[in-house]
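One structure is given here, and the rest of the page talks about it.
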Amino acid sequence: MTAGVREEPRDARGVPPRPRWARPVGVLTVLAVLGGIGYRLALLAWDAPPTNSDEAIMGLAALHIGRGQEFPVWFYGQAYMGTLEAWLAAPVLALTGPSVFGLRLVTLALYAVFALLAWRLTLRLTGDRWFALLVAVLLAFGSDRIVKNQLIAGGGYPEMNAAGVALAVLAYDLAAGRPGRRLARWAAWGLLAGLMIWVDPLVLPYVAATGAVLVAFRRHELRGRAGALLGVAALVGAAPLLVNSLLTGRNPLTAVFAAAGGAGEPAGWPERLHGGLLVGPPLGMGFCAPSHCAPWQLWWAFALPVLLVVGAVTAWRALRAPTAPARGARHAAADPASAGGARHVDPVPAVPPAADQVPGGRARHAAAGRVPHGPAGSGPRVAAALRLALLAAAAATLAAYALSSAAGRTPVESSRYLSCLLVSLPALLWPLWRAARDLLSRRGHDSREGGTGAAARPGGRRSARHALAAVAAAVLAATAASAGWATYRAAAAAPAARAAEARHAVLVDTLRDLGVRHVYGGYWTCNRLTFASGEDVVCAVVRDDLRPGFDRYAPYRRAVAAAPAPAWVAPTGSPLAARLDERVRAGGLRPVDVDGWRIYLPR
């Protein structure tokens, strides 16, 4: 070998190994992530999922920020839920104008970040690339509720999952002692935690859980510069909340807890438990058709508590297992991503990679550990602790939802509060994958050993293992099938969303042609109409009895009240339209019909 030239590694045949992304599992993973992005991009092109007035409020806030007109800290009309989406979308809308597609390009980018980081988190937690591929495939699916959470810029939901997995990945790298950019990682974790405290409290269980892992493994490092930098970064992230609270004297937690409990008549405990534990989990995790969960789709509600318990027990056992490297251990491998080629033994059952991932892979199994031993603990112990933390965060999220009145009164819509459970998906499914995979590994080993090993064990024990692995494989298959069916149903609803958006565009054009600039309408009409017209048409909210309603942005109410002859807009066949038709019969209004809508002009 020439001095100063590093020789390229080669296999036994003298062929250089393929890069990881070019191996079969890498190619399939790339296709899965691109498929998820492409599916959502296609939905956006079809104006799906349908937009609404709450998303329009975020779009209006982005327009105001881009113009320098307003700099909102909170979602208009309330004192909680930060406007991070509006600040991210402001530059986009400054180029595209008022556009739902432009607004959702930001949320699509957030989904892409979530999918990539979830794949990376799965590798950190398990070291199994085929399992990471399974997680990538499941996250590529998107039921009606899932794509609404991920694409509609209605406040908080699109960014929570991306931030949750980012916090977990950073917590793993920091707790396991991965070298390089340590202070930058501490600052990034603190900044994300502070931002999520401002944006939405639903992700706080994951902030607390990943923070607990950092304290458990790196409390000594936190006492120095790392802890100070994390604290400063967290204050920067939460600065909008803190400054607004100081200036207004309001406690944002009061509004948050009031919203979490739900306004109006509180629901009874049977309704809360039914909505929170039976209907909410399948809807919130993407196993149901649009706005409906068939009885057979409720199976996930029974599987979820079992997976939480089994996952917690296996993670705890792995955490408590000895981590000292054993010489001659059968399942050990060097970390290809770590500095210095450090090696360690994974205390959890080894993960057999593909044959092309290990020199002489057909002759033996190996497990790829993701992180070398760090001063505060090995990578496997950190992985076990983080899986346990993610499961605890999922249990806390589920319990908080079940205790809320929203779970009992509106489980279909409020199931969005369970959006963060997707962050815990790798920890939930890992015991299932390991059980099914280990059975296949034993069968392959037994065939090579001529029937010895597990086949020689007592029949009852062997049958129990086979039955457990079969159940695990069945649950994994049912998970993928349910998510795939729900995705198909969501895609089938896209043409209806596109037709509704086309009718709304005709409504906006008709108002402009009629010279109408000020109107009254229902809540779910007004903000959407104002955003779609770029504030050429300004709308004030009225109830079905024509009394003033809830205007999130007060200047619109004042502008319409000051107009000499405002018009009215209502969906055809709505209670508001029926009330306005009475005025038509009395001679006070003149109707103009548009497909799906009715405009009422003053005579």
Side-chain angles (χ1 to χ4, degrees), residues 51-83 85-86 90 93 98 100 103 153-155 244 247-248 250 255 258-259 263-264 504 507-508 510-512 514-571 574-584 588-592 594 597-603:
T51 187
N52 56 49
S53 266
D54 283 346
E55 184 175 30
I57 276 292
M58 194 64 78
L60 289 166
L63 288 178
H64 296 165
I65 293 169
R67 298 170 185 165
Q69 176 182 339
E70 298 275 356
F71 302 101
V73 171
W74 305 117
F75 198 76
Y76 281 145
Q78 59 194 45
Y80 63 97
M81 194 182 297
T83 52
E85 291 166 19
L93 295 190
V100 174
L103 187 61
N244 182 264
L247 294 177
T248 62
R250 289 195 301 261
H504 191 268
L507 169 66
V508 174
T510 303
L511 289 171
R512 284 173 170 158
L514 293 172
V516 175
R517 294 295 179 264
H518 299 88
V519 300
Y520 288 105
Y523 177 82
W524 296 109
T525 297
C526 266
N527 300 320
R528 182 184 175 193
L529 179 58
T530 304
F531 177 64
S533 67
E535 296 183 305
D536 289 343
V537 179
V538 175
C539 183
V541 179
V542 293
R543 301 176 184 175
D544 291 339
D545 58 4
L546 306 186
R547 291 188 298 172
F550 176 40
D551 289 285
R552 287 192 173 274
Y553 190 62
Y556 295 152
R557 163 71 54 183
R558 294 193 292 267
V560 175
W568 303 73
V569 175
S574 65
L576 178 59
R579 189 64 178 266
L580 291 170
D581 285 341
E582 296 177 2
R583 291 196 175 187
V584 171
L589 295 174
R590 175 171 60 89
V592 175
V594 180
W597 298 90
R598 209 167 204 204
I599 303 170
Y600 298 85
L601 302 175
R603 288 189 181 276

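For clarity, every value in this text was computed on a predicted model and none was experimentally measured.
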Donor-acceptor pair, side chain of [X] and main chain of [Y], under 3.5 angstrom:
| X | Y | result |
| --- | --- | --- |
| Asp551 | Val541 | yes |
| Tyr600 | Ala577 | yes |
| Thr530 | Val538 | no |

Handout entry: Atom CZ of Arg590 with >12 non-hydrogen neighbours under 6.0 angstrom
Key = no

Say you draw a straight line from [atom1] of [X] to [atom2] of [Y]; how long is it, rounded to the nearest 0.5 Å?
| X | Y | atom1 | atom2 | answer |
| --- | --- | --- | --- | --- |
| Glu55 | Glu85 | CD | CD | 8.5 Å |
| Tyr80 | Arg250 | OH | CZ | 12.5 Å |
| Phe531 | Leu93 | CZ | CG | 5.5 Å |
| Leu507 | Arg512 | CG | CZ | 10.5 Å |
| Ile599 | Leu589 | CD1 | CG | 12.5 Å |
| Trp568 | Thr525 | CH2 | OG1 | 12.5 Å |

Non-hydrogen atoms of [X] and [Y] that approach each other most closely:
| X | Y | result |
| --- | --- | --- |
| Gly155 | Met58 | CA-CE, 3.5 Å |
| Asp54 | Arg552 | OD1-NE, 3.7 Å |
| Ala86 | Ala61 | CB-CB, 3.8 Å |
| Ala567 | Val516 | CB-CG1, 3.9 Å |
| Tyr76 | Pro72 | CE2-CB, 3.7 Å |
| Cys526 | Ala540 | SG-O, 3.1 Å |

Problem - Stepwise side-chain contact (heavy atoms from CB on, under 4.5 Å) test for Leu511 and Trp597 - result: CA-CA 11 Å; Leu511 289 171; Trp597 298 90; over 6 Å; no

Handout entry: Stepwise side-chain contact (heavy atoms from CB on, under 4.5 Å) check, Val560 with Val519
Key = CA-CA 7 Å; Val560 175; Val519 300; over 6 Å; no

Practice task
Would you tell me whether Tyr553 and Glu70 have side-chain atoms, one donor and one acceptor, within less than 3.5 Å of each other?
Solution key: yes

Practice task
State which residues pass ring-ring contact (aromatic ring centres under 6.0 Å, His included) with Tyr523; sequence neighbours excluded, sorted by chain then number.
Solution key: none

Completion exercise
Sequence neighbours excluded, the answer for side-chain hydrogen bond (donor to acceptor under 3.5 Å, both in side chains) partners of Arg583 is none

Practice task
Indicate yes or no: does Asp545 engage Arg547 in a salt bridge with an N to O separation below 4.0 Å.
Solution key: yes

Problem - Intermediate values then yes/no, side-chain contact (heavy atoms from CB on, under 4.5 Å), Arg557 and Tyr520 - result: CA-CA 9 Å; Arg557 163 71 54 183; Tyr520 288 105; 3.7 Å; yes

Exercise for the section: Test side-chain contact (heavy atoms from CB on, under 4.5 Å) on Leu580 and Leu546 and set out the steps. Expected result: CA-CA 8 Å; Leu580 291 170; Leu546 306 186; 3.9 Å; yes

Problem - Side chains of Arg528 and Thr51 in contact at under 4.5 Å (non-hydrogen atoms) - result: yes

